[in-house]
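Taking it in order: structure first as structure tokens, then the write-up.
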Amino acid sequence: MILQTGFSLPTTTTTTTCLSPCSPHRLNTLFFTHRRRRLVSQSCFSKRRFSLCVAAASGSDVFTSPETSKSFDFASEEKIYKWWESQGYFKPSFDKGGGKPFVIPMPPPNVTGSLHMGHAMFVTLEFARRFQLICAVDSLDIMVRYNRMRGRPTLWLPGTDHAGIATQLVVEKMLASESIKRVELGRDEFTKRVWEWKEKYGGTITNQIKRLGASCDWSRERFTLDEQLSRAVVEAFVKLHEKGLIYQGSYMVNWSPNLQTAVSDLEVEYSEEPGFLYHIKYRVAGSPDFLTIATTRPETLFGDVAIAVHPEDDRYAKYVGQTAIVPMTYGRHVPIISDKYVDKDFGTGVLKISPGHDHNDYLLARKLGLPILNVMNKDGTLNDVAGLFCGLDRFAVREKLWADLEETGLAVKKEPHTSRVPRSQRGGEVIEPLVSKQWFVHMDPLAEKALLAVEKKELTIIPERFEKIYNHWLTNIKDWCISRQLWWGHRIPVWYVVGKDCEEDYIVAKNAEEALEKAHEKYGKDVEIYQDPDVLDTWFSSSLWPFSTLGWPDVSAEDFKNFYPTNMLETGHDILFFWVARMVMMGIEFTGTVPFTHVYLHGLIRDSEGRKMSKSLGNVIDPLDTIKDFGTDALRFTIALGTAGQDLNLSTERLTANKAFTNKLWNAGKFVLQSLPSLSDTSAWENLLALKLDKEETLLSLPLPECWAVSKLHILIDSVTASYEKFFFGDVGRETYEFFWSDFADWYIEASKSRLYGSGGNSDSLVSQAVLLYVFENILKLLHPFMPFVTEDLWQALPYRKEALIVSPWPQNSLPRNVESIKRFENLQALTRAIRNVRAEYSVEPVKRISASVVGSAEVVGYISKEKEVLALLSRLDLNNVHFTNTPPDDANLSVHVVASEGLEAYLPLSAMVDISSEVQRISKRLSKMQTEYDALITRLNSPKFLEKAPEEVVRGVKEKAEEAEEKIKLTKARLDFLKSTTSLVSQ
């Protein structure tokens, strides 16, 4: 393979497909001085324009070139994306024979994804979710683009979630702005309005995902309420019910009074909030004694069914077995019991048991066989159990009840207390633990198989530490409440018989016709049925996502046969339990295999100080604004440098640095393009393309800088490919960044100028041109999964592109490298750095060329001297006064001696660098100033007053400054002595 590139020389050359025929001017090497973090300016080169050589892009205005554009234009990103999509590059291709398909189901974002819904919490959550979405899209697209370039049929299947609660809430708020209530419309009309809203706004999140560069196959886009996916949901419900894994019952759930529905644990967020601890007296029946309880929720006392104390608490042992009178309940008695569950050190050590309104109390009541008393309506008001407080809101009751308790003398005290308050993630209201009749999935049998999948290594979780959390959750799993009291979602496929007990007589069927047929068979032809009004938890349909999107339950569907099971599921570690584990359980249950072999968990995006993004903190960053300011590539690269499972602190400083990286790539492309032969020079291109840089014999024949650059590239390809395979994307980014910036841009590009604009002739220039092109195009390939837009644009600007970068083959592994050349060039680098350091220490003017005597063994001098022009260019040496010997020069005493490495030294005549007399004066003044500053520091340290009153860290800081100043004075005195001795020797 020639140059391992995606281009070849055409048999005929025409002006419509080739470079313009002009040639680069030979430029003075003095213009190409090395400057850290800078490339040669555009003005140093002739203007040569390349036309695109990808057939599909020819004549298109999609791409720009560094030849004609000063920097990469972010506005072209959307054009490039549309071009990729129009060419069908996002669809899986079996043409390249790249092995098994690589398949990723996209975690479906909520269809409400991008809206600013007015409420502060919504806005904050929305921005946070956008950045979590970017984390997922970034990591997933890196995997997808890498595997596509490896030649594997690659499918990234996108879609959106109907987001039952969030979407219904958005539409209800929209209707409220028109003074319309959901119940006034009725279910059918309301559902119609939601579909209309979805059609109008639902594509927004999809467009934003595209803006991030996600190379999904949009022809396969799915929505959880699509007909096919809805059929899968019904099938799953029916099958689970047939196996006895779905049942109906009254149990404790998280209840949202505002939304009037049960919500999942994932939709409950806990926050530390200031409140009060209320101390209330309960009279012991038949006794003048009282027991004082401490509670944060006095309004729930109407639901008390017992008073509990710890069995080893001697203060209350005598009351166990008696009864207590619940205040404000007209004398209702409850038993006084003992249980180790009670924390005798919290509050008074006496606990009221309200199992209808507390999760822990509920479990304790079930264990002890206590009754469960519900005192609350679904809207958060108290019911008739509360007597005179019936119909009042729970928080209004809290205030009124406390006032009444104070009036009756049963209130002891109210003290400030910080509580962990559960709030609805969607609506923000306080969640109420409530016993409610719901549909549940029995999870233990499903969890056993999911645990076994990890144990048998059928499923790998990245990072590995999350396996323990996964195992812990599944080992202690609770049954899953899957019903929601909403109108938007998958209607539960259960029908009831009019006039029959709903808990005993119901029919599970795939549709109304089947349900009616079953009802006729069981209850007769005159029977009437009606469907359960509830819908399924959104997570129920999401748990089927990896296989329902591929055609299940039709296992003969082509996509199901070709692409299931999938390879990778990537998501945030915060939903490992709620979504990932459920997908694993459902996948095994319905398909007999794990739905994916790997789970990659990304961290959360935080601000530069590691805080959660919050509107109240003012640290929220809008991803779309970020893209506008810094470009998609810079944002993607910044996020990709994180570590799997670790939160990432995002700052404008990082984004700015990676925007500069994008510009650096662009400028490097400019240099490479302007260094290449004109396309009209067919002979030069034939010779250039004939250099097979991936062959060992060619590599070994290269000059030292070229051999070093190609060898380092080949090592990088192996290392980066291994990291891609292990999903160590942060390592990939850092290694490639370092190679491009430090090795390629800072060293090889600068070294190549000695060939391109020196006196070596066309053959030397040709080798450098070939290496520049070879290394740069492979850098673009390695970076493409991270930075797809700028790399594709640069790739299209290179000559003779056969195909787009997105589908170009990945670089080969195990290519030759010359370790000896790497060591030798590192010696040349060390010598260059040493000379540069001396120039800096003595403030030598950048344009001044100095003399040097390089001393070393015959072997070292042999290969260094061959690169005399490179050394002179990089170190700004006078080419006519660079000498190579194996012994120190005669004027060694008048020179600055530097040791680059073992066996390699240099002597730099001082008089050739500076005016020694002027330098003595300058250093003397500098030394005097340093001594004054040092004396001031010592004076402070000798002051007892300062040592007594100053904080310890301030004193320590002054000591450190004094020590540093003392060391600098010693070095400066030594340099001054050297200069003076040199002056003496010169005068002799």
Could you check if a side-chain atom of [X] sits within less than 4.5 angstrom of a side-chain atom of [Y], using non-hydrogen atoms only?
X      : Y      : answer
Leu569 : Trp545 : no
Phe590 : Ser548 : no
Cys481 : Asp537 : no
Ile588 : Val594 : yes
Leu655 : Leu650 : yes
Trp810 : Leu782 : yes
Arg148 : Val807 : yes
Ile142 : Tyr724 : yes

Looking at Lys91 and Asp217, is any side-chain nitrogen of the basic one under 4.0 Å from a carboxylate oxygen of the acidic one? no

Using 4.0 Å as the upper bound for N to carboxylate O, is an ion pair formed by Lys726 and Asp731? no

If I compare all heavy atoms of [X] with all of [Y], which pair ends up nearest, and what's the gap?
X      : Y      : answer
Thr721 : Arg150 : CG2-NH1, 3.7 Å
Ser723 : Glu735 : OG-OE2, 3.9 Å
Met443 : Lys478 : CG-O, 3.3 Å
His241 : Ile246 : CD2-O, 3.6 Å
Met568 : Tyr600 : SD-CB, 3.5 Å
Thr206 : Trp218 : CG2-CZ3, 3.3 Å

Separation between [atom1] of [X] and [atom2] of [Y], rounded to the nearest 0.5 Å:
X      : Y      : atom1 : atom2 : answer
Trp539 : Asp161 : CH2   : CG    : 7.5 Å
Ile461 : Leu601 : CD1   : CG    : 7.0 Å
Phe102 : Asn147 : CZ    : CG    : 4.5 Å
Leu240 : Tyr247 : CG    : OH    : 13.0 Å
Tyr470 : Glu467 : OH    : CD    : 9.0 Å
Glu738 : Leu716 : CD    : CG    : 10.5 Å

Relative to Trp84, does Arg145 satisfy both conditions: NZ or CZ under 6.0 angstrom from the six-membered ring centre, and within 45 degrees of the ring's axis? yes

Which pairs would a plain distance check flag for residues 631-639, meaning a side-chain donor or acceptor within less than 3.5 Å of a matching protein atom at least two apart in sequence or in another chain?
unit_1, atom_1, unit_2, atom_2, d
Thr632, OG1, Glu77, OE1, 2.7
Thr632, OG1, Arg211, O, 3.4
Thr632, OG1, Arg211, NH1, 3.2
Asp633, OD1, Phe789, N, 3.2
Asp633, OD2, Val790, N, 2.8
Arg636, NE, Phe786, O, 3.1
Arg636, NH1, Asp141, OD2, 2.9
Arg636, NH1, Leu212, O, 2.9
Arg636, NH2, Asp141, OD2, 2.9
Arg636, NH2, Pro785, O, 2.8
Thr638, OG1, Ala634, O, 2.7
Thr638, OG1, Asn658, ND2, 2.7

For [Y], is there any backbone N or O sitting under 3.5 Å from a side-chain donor or acceptor partner on [X]?
X      : Y      : result
Glu267 : Ser264 : yes
Gln425 : Glu269 : no
Trp795 : Glu803 : yes
Thr167 : His162 : yes
Arg484 : Leu536 : no
Asp226 : Phe223 : yes
Arg582 : Ser542 : no
Thr160 : Val111 : no
Asp718 : Ser814 : yes

Could you pull out every donor-acceptor pair under 3.5 Å between side chains of residues 551-566 and any protein atom, sequence neighbours left out?
unit_1, atom_1, unit_2, atom_2, d
Asp554, OD1, Ser556, N, 3.1
Asp554, OD1, Ser556, OG, 2.5
Glu558, OE2, Lys561, NZ, 3.2
Asp559, OD1, Arg220, NH2, 3.1
Asp559, OD2, Arg220, NE, 2.9
Asn562, ND2, Glu558, O, 3.3
Tyr564, OH, Thr591, OG1, 2.9
Thr566, OG1, Pro595, O, 2.7

Decide side chain to side chain contact (heavy atoms under 4.5 Å, CB included) for Phe739 and Val775; before the verdict, give the C-alpha distance in whole Å, the side-chain angles of both, and the deciding distance to 0.1 Å. CA-CA 10 Å; Phe739 173 80; Val775 175; 3.8 Å; yes

Going through the distances and angles, do Tyr146 and Phe727 end up as a ring pair (Phe, Tyr, Trp, His ring centres under 6.0 Å)? CA-CA 11 Å; Tyr146 167 72; Phe727 311 110; 9.1 Å; no

Given side chain to side chain contact (heavy atoms under 4.5 Å, CB included), test Phe90 with Ile806 step by step and report yes or no. CA-CA 9 Å; Phe90 298 162; Ile806 188 175; 3.7 Å; yes

Show your working on side chain to side chain contact (heavy atoms under 4.5 Å, CB included) between Lys243 and His442 and close with a plain yes or no. CA-CA 10 Å; Lys243 294 186 69 172; His442 185 42; over 6 Å; no

After noting the C-alpha distance and the side-chain angles of Gln208 and Ile205, does the key distance pass the side chain to side chain contact (heavy atoms under 4.5 Å, CB included) rule? CA-CA 5 Å; Gln208 290 180 355; Ile205 189 64; 3.8 Å; yes

Between His602 and Glu570, is any side-chain donor less than 3.5 angstrom from a side-chain acceptor? yes

Within the 3.5 Å criterion, strictly below it, is a donor on Glu227 or Ser230 matched to an acceptor on the partner's side chain? no

Paired with Trp488, the side-chain contact (heavy atoms from CB on, under 4.5 Å) test is passed by just one of Thr538, Val535, Ile165, Leu225, namely Leu225

Ser86: partners by side-chain contact (heavy atoms from CB on, under 4.5 Å), with sequence neighbours left out: Trp83

